[in-house]
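Contents: one structure, followed by commentary.
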Amino acid sequence: MQEALTNDAVRVIPGIPQVIQHLPTNALDVSDKMVVLTWVVFAVAAVCLSKLVWKPILRAVEKREREIDDALQGAANARQEISEAEAAKRQVLHQTERDARMMTEAATRQAAAIVAKADADAHEVAQQRIREAERVIQGEYRKAFEAVRFRASENISNIVERLIRQNITEEQKRAYHEEMLREIKL
């Protein structure tokens, strides 16, 4: 009768294999044997997972942590190097600015000295030209003065010669003197 009940209790469900459909209904009953087997399977699964999965995962995590630590250390080193490079750059800039200022000041002093020397040279050349022009003017003045004296002496000698050739009255003498004074103008 129990068989009849078991057969009646199991209905055929399409899509589910027959072997599964005909399992005994006491499969969910807890027994000592089942507890021990469960613990054995759990232990074997734990050991397998530990060897095959857990340790590689831990190694990968540790490796990743080391990589992260190395990256953080590298970033810290890079920040330190950047700050040192910035300090060196600032120092070089300050040194360059000082050098540029010193060069500019030296060039300014040199330019002022060159301008002063050129000014002094130009002044000296101008003074030489002025002295030369004064000498030339003095020479020309002497020549002109001598020419005027020569001309005056010629005129006087001509007048004296005329006076000697003629017998002149006092009135004629005054007239000749006035004429002579008009002709000789210095």
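Note that the coordinates shown come from a computational prediction; the quantities given were computed from them, not determined experimentally.
- Inspection of the Asn77 and Gln73 side chains reveals an N or O donor paired with an N or O acceptor under 3.5 Å.
- Annotation: the span from Asp99 atom CG to Glu97 atom CD amounts to 10.5 Å, rounded to 0.5 Å.
- We find the CD1-CG distance between Ile114 and Asp121 to be 11.5 Å, quoted to the nearest 0.5 Å.
- One finds no salt bridge joining Arg59 and Glu62 here, because no Lys/Arg side-chain nitrogen approaches an Asp/Glu carboxylate oxygen to under 4.0 Å.
- Residues Pro56 and Leu52 have side chains not in contact (no heavy-atom distance under 4.5 Å, counting atoms from C-beta outward).
- For Arg101, there are no salt bridge (charged side-chain N to carboxylate O under 4.0 Å, His left out) partners two or more places apart in sequence or in a different chain.
- In this structure, Leu37 CG and Asp32 CG are separated by 11.0 Å, a value rounded to the nearest 0.5 Å.
- Side-chain heavy atoms closer than 4.5 Å link hydrophobic residues (I, L, V, M, F, W, Y) into clusters, and following such links, even through other members, never connects Val148 to Tyr141.
- Between Phe42 and Trp39, the ring planes lie perpendicular to each other; the angle is over 60°, past the 30° to 60° tilted range.
- In summary, Arg135 and Glu132 engage in a salt bridge, as defined by a charged side-chain N under 4.0 Å from a carboxylate O.
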Please tabulate, for side-chain N and O atoms in residues 83-91, each donor-acceptor pair with protein atoms closer than 3.5 Å (sequence neighbours left out).
{"unit_1": "Ser83", "atom_1": "OG", "unit_2": "Arg79", "atom_2": "O", "d": "3.4"}
{"unit_1": "Ser83", "atom_1": "OG", "unit_2": "Gln80", "atom_2": "O", "d": "2.8"}
{"unit_1": "Glu84", "atom_1": "OE2", "unit_2": "Gln80", "atom_2": "NE2", "d": "3.0"}
{"unit_1": "Glu86", "atom_1": "OE1", "unit_2": "Lys89", "atom_2": "NZ", "d": "3.3"}

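- Taken to the nearest 0.5 Å, the NE2 atom of His123 stands 4.0 Å off from the CD atom of Gln127.
- Contacts of Arg98 classified as side-chain hydrogen bond (donor to acceptor under 3.5 Å, both in side chains), with partners at least two apart in sequence or in another chain: Gln95.
- The hydrophobic cluster containing Val61 also contains Val53, counting ILVMFWY residues as joined when their side-chain heavy atoms lie under 4.5 angstrom apart, directly or transitively.
- Here CZ of Arg129 is found 14.5 Å from CD of Glu134. Values are rounded to the nearest 0.5 Å.
- To the nearest 0.5 angstrom, Arg64 atom CZ is 10.5 Å from Asp69 atom CG.
- The existence of a salt bridge linking Asp70 and Arg66 is excluded, since no basic side-chain nitrogen approaches an acidic carboxylate oxygen closer than 4.0 Å.
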